[in-house]
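Just so it is clear, the model here is predicted, and its values are computed rather than measured.
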Amino acid sequence: ITNRAHEQNKIVIYDSIGSTLLFSRLSMRKPFLVIDNFPVKYQSDNAKKMINLFYDAGVLIKENQLHDELKKLLEVNSHELEYFFNKRTQKLLNYFHSLPKIEILIDNELKRFE
């Protein structure tokens, strides 16, 4: 998928919570769903918190629920879907956007070597 197509899709479905495009989509605050069909091993309390926020927002769902959820979301127009998605995922989006940017993390790591 091209970056442009990724940005313009009404909703995107990811097969893994580890997809880099998923985090791009979070940055854009655009609607998405993630299929929850894999075991999750938490590497930190922050990771556990973020996964729980995905569940609480209703965007990390079981594969057998995907069809019904997607059908419901596609019935509304794009503007309403974005509003609904942002309202439903507000805690997840706020947490994600409160995390340090990658540039800051890299700068901080590089400073250790100076």
Check: Ser27 and Phe96 side chains under 4.5 Å, non-hydrogen atoms: yes

Check: Pro31 and Arg25 side chains under 4.5 Å, non-hydrogen atoms: yes

Which atom of Ile61 lies closest to which atom of Leu66, heavy atoms considered: CD1-CA, 3.7 Å

Smallest separation among heavy atoms of Leu33 and Gly58, with atom names: CD2-O, 4.0 Å

Shared hydrophobic cluster, Ile13 / Leu73 (ILVMFWY, side-chain heavy atoms < 4.5 Å): yes

Inter-residue atom distance Asn94.CG - Thr89.OG1, 0.5 Å rounding: 9.0 Å

Spatial distance of atom NZ (Lys91) from atom CE (Met50) [nearest 0.5 Å]: 15.5 Å

Crowding at CD, Glu63 (>12 non-hydrogen neighbours, <6.0 Å): no

Validation row: Asp36, Tyr55 side chains within 4.5 angstrom (heavy atoms): yes

Any donor-acceptor pair under 3.5 Å from Lys10 side chain to Leu74 backbone: yes

Exceeds 12 heavy-atom contacts within 6.0 angstrom, atom CG of Asn77: yes

Minimum side-chain heavy-atom gap Val76-Tyr83 below 4.5 Å: no

His97 versus Leu26, closest heavy-atom pair with distance: NE2-O, 3.2 Å

For the student: nearest non-hydrogen atoms of Asn46 and Tyr95, plus distance: OD1-OH, 3.2 Å

Residue pair Leu22 / Ser16: nearest heavy atoms and the distance that separates them: CD2-O, 4.2 Å

Interatomic spacing from CG in Asn37 to NZ in Lys62 - rounded to 0.5 Å: 8.0 Å

Lys/Arg N to Asp/Glu carboxylate O, Glu69 vs Arg88, below 4.0 Å: yes

Whether Ser24 side chain and Thr20 backbone form a donor-acceptor pair below 3.5 Å: no

Side chain proximity check, Tyr14 to Leu21, heavy atoms < 4.5 angstrom: yes

Close side-chain approach of Leu92 to Phe54, heavy-atom, < 4.5 Å: yes

Reported NZ-to-CG distance for the pair Lys87 and Leu93, which is rounded to 0.5 angstrom: 14.5 Å

Identified side-chain hydrogen bond (donor to acceptor under 3.5 Å, both in side chains) partner of Lys30 from the options Glu7, His6, Gln8, Glu82: Glu82

Shared hydrophobic cluster, Met28 / Leu53 (ILVMFWY, side-chain heavy atoms < 4.5 Å): no

Side chain Asn9, main chain Val12, donor-acceptor under 3.5 Å: no

Heavy-atom pair of closest approach, residues Val59 and Phe32: CG1-O, 3.5 Å

